[in-house]
Amino acid sequence: MKIALLAFLSLFGLLLALWLLVRAVKHKSLYPFISLRHNFGKRRDTFRKTLELLSDRKAKVLVETGTARHGLKGAKSNGASTVVFAKWAKLNAATLYSVDISEKSINAAKAEINHQGLNDYVEWHQQDSLEFLAEFKQPVDFLYLDSYDYHKEDTAIQVVSQQHHLAEFKAIEPQLHRRTFVLIDDCGLPNGGKGKLAIEYMLARGWRVLVEDYQVILTRSDRS
């Protein structure tokens, strides 16, 4: 009787694990890094690859433009990048530098980061991202570009957003090294999304696309 019970419990445990795995895939979660209930949608796969690269390259300095103000509640809508990268920073003794021109966005993000117990791993900068990046003097291991909003239909806004992200990359370019990699959000949108001009510029300067999806990951083509 005991042997049969143990066999049943083992089978149940295996089936439960398989169910959780299938559910994680179906709902695009970052489980087990982030709770299964948070759906990262179209950003899940590129975030997974980003976390893998951060670990492989032992990143210490992470920079993001555009703070994710909705925390994990915005996982599917905007990616919840600040929480994701701050949690990785905590687990790997790194620092996330997050810049946003909006005081409201910064304060909302701070509240979520405080709730998650990640305060010690984020440095906040409320200022224009171009000014911040131009003044930043540390070597950057990972750069995430997601600041100036893009519009699916307004071509004038599209151009301004693309130009802004290109300018961001140029501003921080002197601090990027051979093992730096870059993630650009909202590229899978009409007319090339936020990253169109930045990606063209990078490809002409020895970078290559590692992953091309809704987000794009780029790395040095000549890195050792």
Side-chain angles (χ1 to χ4, degrees), residues 43 46-47 50-51 53-54 57 59-75 77-90 92-151 157 160-177 180-187 193-199 201-202 207 215-218:
R43 294 177 179 86
T46 38
F47 269 8
T50 294
L51 295 172
L53 290 169
L54 287 171
R57 301 186 183 199
K60 294 300 177 184
V61 177
L62 289 58
V63 175
E64 73 166 358
T65 65
T67 298
R69 60 187 177 274
H70 298 304
L72 289 173
K73 293 179 181 178
S77 59
N78 62 34
S81 60
T82 306
V83 174
V84 173
F85 301 145
K87 182 173 182 180
W88 187 91
K90 177 180 180 179
N92 294 274
T95 301
L96 171 65
Y97 297 83
S98 184
V99 59
D100 198 299
I101 200 169
S102 167
E103 180 180 7
K104 182 178 180 180
S105 294
I106 290 285
N107 288 339
K110 281 183 177 179
E112 181 65 19
I113 288 296
N114 180 61
H115 177 70
Q116 298 288 334
L118 301 171
N119 284 339
D120 293 340
Y121 306 93
V122 182
E123 285 199 14
W124 306 99
H125 297 269
Q126 185 203 331
Q127 67 182 114
D128 182 271
S129 61
L130 296 179
E131 295 176 359
F132 168 76
L133 295 171
E135 296 167 356
F136 197 83
K137 299 307 178 185
Q138 296 185 60
V140 176
D141 301 314
F142 167 64
L143 174 65
Y144 181 54
L145 300 180
D146 181 26
S147 55
Y148 203 108
D149 286 342
Y150 196 81
H151 197 284
I157 293 178
V160 174
S161 177
Q162 290 170 347
Q163 291 174 338
H164 182 81
H165 286 88
L166 171 59
E168 285 186 331
F169 180 82
K170 288 182 176 180
I172 197 64
E173 190 174 6
Q175 305 307 324
L176 308 183
H177 52 81
T180 301
F181 71 102
V182 178
L183 176 66
I184 307 177
D185 194 36
D186 297 322
C187 292
K194 292 180 178 179
K196 180 181 178 180
L197 296 181
I199 292 169
Y201 177 87
M202 294 172 71
W207 292 75
Q215 297 178 311
V216 174
I217 301 175
L218 298 103

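Counting heavy atoms from C-beta outward, N78 and D185 have side chains that stay 4.5 Å or more apart. The shortest distance between side-chain heavy atoms of Y201 and E173 falls below 4.5 Å. Side-chain contact between T82 and W124: present, with at least one pair of heavy atoms (C-beta onward) separated by less than 4.5 Å. A heavy-atom distance below 4.5 Å is found between the side chains of L54 and L62. For the pair N119/K110, no side-chain contact is recorded, criterion being any heavy-atom separation below 4.5 Å from C-beta on. Looking at heavy atoms from C-beta onward, I113 lies in side-chain contact with V83 at the 4.5 angstrom threshold. Residues K194 and L145 have side chains not in contact (no heavy-atom distance under 4.5 Å, counting atoms from C-beta outward). Looking only at side-chain heavy atoms (C-beta outward), I199 and L218 come within less than 4.5 Å of each other.
To the nearest 0.5 angstrom, L183 atom CG is 6.0 Å from T46 atom OG1. How far NZ of K196 is from CG of L166: 12.0 Å, rounded to the nearest 0.5 Å. Distance CH2/W207 to CZ/F169: 5.0 Å, rounded to 0.5 Å. Atom-to-atom distance recorded for T65:OG1 and E168:CD is 3.5 Å, nearest 0.5 angstrom. Taking CG from D100 and OG1 from T67, the interatomic distance works out to 4.5 Å, rounded to the nearest 0.5 Å. Here the NE2-CD distance, from H165 to Q163, works out to 12.0 Å after rounding to the nearest 0.5 Å.
Across every non-hydrogen atom of H177 and P139, the tightest pair is CD2-CB, 4.1 Å. Residues A94 and W88 come closest through the heavy atom pair CB-CZ3, 3.8 Å. In this structure, A68 and A109 approach most closely via the heavy-atom pair O-CB, 3.8 Å. Taking all atoms of both residues into account, the shortest heavy-atom contact from K90 to L118 is CD-CD2, 3.5 Å. Here the closest non-hydrogen pair linking L72 and Q116 is CD1-NE2, 3.6 Å. Closest approach of I184 to A198, counting heavy atoms only: CD1-CB, 4.2 Å.
By the 30° and 60° cut-offs, the orientation of the rings of Y148 relative to H164 is tilted.
The side chain to side chain contact (heavy atoms under 4.5 Å, CB included) check on D120 picks up nothing, with sequence neighbours excluded. Q138 meets the side chain to side chain donor-acceptor pair (under 3.5 Å) test with Y97; sequence neighbours excluded.
Between D186 and R43 there is a salt bridge, since a side-chain N of the basic residue sits under 4.0 Å from a carboxylate O of the acidic one.
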| task | Could you walk me through whether E135 and Q127 pass side-chain contact (heavy atoms from CB on, under 4.5 Å), step by step? | result | CA-CA 11 Å; E135 296 167 356; Q127 67 182 114; 3.7 Å; yes

| request: Given side-chain contact (heavy atoms from CB on, under 4.5 Å), test D146 with E64 step by step and report yes or no. | output: CA-CA 7 Å; D146 181 26; E64 73 166 358; over 6 Å; no

| task | Show your working on side-chain contact (heavy atoms from CB on, under 4.5 Å) between T50 and F142 and close with a plain yes or no. | result | CA-CA 9 Å; T50 294; F142 167 64; 3.7 Å; yes

| Under the side-chain contact (heavy atoms from CB on, under 4.5 Å) criterion, do L143 and I172 qualify, and how do the steps go? | CA-CA 9 Å; L143 174 65; I172 197 64; 3.6 Å; yes

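Side chains of Q215 and Y144: a donor on one and an acceptor on the other come within 3.5 Å.
A donor-acceptor pair is defined here as one N or O able to donate and one able to accept, closer than 3.5 Å; no such pair exists between the side chain of K73 and the backbone of A80.
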